[in-house]
There are 2 protein chains.
Amino acid sequence: MEIVDLSTLPDSETRYTEFLRQICEKHDMDHAAYAGMNPTAGTVAGYVTYGDEWKDHYQSQGLIMIDPTIHMSRRSIAPVDWSRLERSPDFQRVFRDAHDFGLPSQGVTIPVRGPYGDIGLLSATRDCSKEEWRKLYTHVIGDLQSMAVHIHDNVVTSDEFTSALYHPTLSTREAEILQWVAAGKSQQDIGDILSISHRTVEVHLRSSREKLSALTTPQAVGRAIAIGLITPG
Amino acid sequence: MEIVDLSTLPDSETRYTEFLRQICEKHDMDHAAYAGMNPTAGTVAGYVTYGDEWKDHYQSQGLIMIDPTIHMSRRSIAPVDWSRLERSPDFQRVFRDAHDFGLPSQGVTIPVRGPYGDIGLLSATRDCSKEEWRKLYTHVIGDLQSMAVHIHDNVVTSDEFTSALYHPTLSTREAEILQWVAAGKSQQDIGDILSISHRTVEVHLRSSREKLSALTTPQAVGRAIAIGLITPG
DNA sequence: TTTTCTATTGGGGGTTTCCCGTATTTAGGC
DNA sequence: GCCTAAATACGGGAAACCCCCAATAGAAAA
């Protein structure tokens, strides 16, 4: 998975990290982080209030590949309290590292899903006891969810994000053919249906795979369905 | 903020409508409604606190097809204040009807998206002035979003939602292999990964296709993703 | 206990897909 | 007007997939 550091872009740095800082202040959090994912393209873009040392370590060690907060959030609808991750094997790795860099022990990650398969993750952390965290958690979780929706809504509609997390589009013919494939038709069938050569059908399928960054047609069908380009047949 | 454990209550119908009533009471709302959609399967399941007359009218007139709250929410991440829909052409139709049945004029619809393309909509309404509504809105929107996530999470993991459609089950091996196919692996690759023969992989794929009533593997992958047996790779 | 289901492996052979080319048409940029 | 990129279209040959068959073993259900 490739990481796009949005903070290097000129205008956005101040806007979003400042917003994250405001969340911290308002809800007594030590740190906040936002990550926007495009599972199809396999890209992640984020803003954090963590120090640069941790950011560098996180990237250089490829911790994003095993980060349990990200894996958990990909399947979950509800907010994920980090205490629920403690039994995960990868948890030890990432969180011990984090602790060494002086990062807080208690945290929560809130997933937000958009209509194009995009996922936004807002995480907030605080160094405190479990009891203290529980009290704080129930008090601020509602507002944090609003904030998560708000920041994700802003990020995905901004220019820098759409260019960073490119959302593929298929041509009319490509989508049409992929739709027939999802309906269980063979290339020969589709050629007959559309009155073109099955060779041509294959070409459109190939370009569809390329646009979706898919290695095989089944993978392309899965991704196209996941981001709403076609419907399961 | 307290969360009612829905699983302790016996019957689903009363369970969810009772939960909606509690939301109304807590936040001074007149009515609340939840709709769970599976756009890929084209199914909608809902619970409302509206009267039966309006429910019957809504269904018999097919208002669900033109309901602007549903259309808006399909493309939106953020909550949709019904005042933003007033310029929609279909708005007039649905909301004039609603008004005739004595339904409130102010409302909000909160969309929640799950990992399988499923969408949950929580709506809350109140009959009051615009100023009153604005004040109430900003005060309760955070908690309403939490409630929306909570109820949708419960509904999609409940039996009645999944069993609404015929739901084939795959064996562990079948799902495992289909997941690898969705990730773009060939049969030979999967055989190497799982340390089994590629012939065995093919057998499992065949039975997967049969169980899913799919003619081809791409179709099987699409259906498996649509009903949540695997995730897009 | 018998039966059924799942998981496993293999052969033979037809079908389908996929990668390599080429070619025409169309839309958009300089 | 020219050029480039994308969309559309077609074919040969190699690789992968899929369907028929048979067979073994363990686990679960009847």
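Side chains included, hydrogens not; waters and symmetry mates left out as well; all remaining heavy atoms used. All of these numbers come straight from a predicted model, not from anything done at the bench. Order of the sequence lines sets the chain letters (A, B, ...), proteins ahead of strands, with each chain counted from 1.
Residue A:Thr217 is in sugar-phosphate contact alone, with no base atom involved, counting any heavy-atom pair closer than 4.0 Å across all strands shown. Across all strands, B:Gln187 comes closer than 4.0 Å only to sugar-phosphate atoms, never to a base (heavy-atom distances).
Neither OP1 nor OP2 of D:dC18 sits under 4.0 Å from any side-chain N or O of B:Arg199. OP1 or OP2 of D:dA7 has at least one side-chain nitrogen or oxygen of A:Lys211 nearer than 4.0 Å. A sub-4.0 Å separation between OP1 or OP2 of D:dC20 and a side-chain N or O of B:Arg206 is absent. A close approach under 4.0 Å does not occur between any side-chain nitrogen or oxygen of A:His198 and OP1 or OP2 of D:dC10. Residue A:Ser171 places none of its side-chain N or O atoms closer than 4.0 Å to OP1 or OP2 of D:dA7.
Nearest-nucleotide positions on DNA chain C place B:Thr172 closer to the 5' end than the other of B:Thr172 and A:Pro218.
Relative ring orientation between B:Tyr47 and B:Tyr34 is described as parallel, the plane-to-plane angle staying below 30° on a 0-90° scale split at 30° and 60°.
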- Can A:Leu170 and A:Lys211 be said to form a side-chain contact (heavy atoms from CB on, under 4.5 Å), step by step? CA-CA 7 Å; A:Leu170 299 180; A:Lys211 287 181 178 178; 3.9 Å; yes
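Rounded to 10 degrees, the angle separating the terminal axes of the helix from C:dT1-D:dA30 to C:dC30-D:dG1 is 60°, with each axis obtained from five end pairs.
Exactly one residue among A:Asp153, A:Asn154, A:Val149, A:Val155 makes a side chain to side chain contact (heavy atoms under 4.5 Å, CB included) with A:Ile151. That residue is A:Val155.
Protein chain B touches strand DNA chain C; the 5'-most and 3'-most nucleotides with an atom under 4.0 angstrom of its non-hydrogen atoms are C:dT6 to C:dG12.
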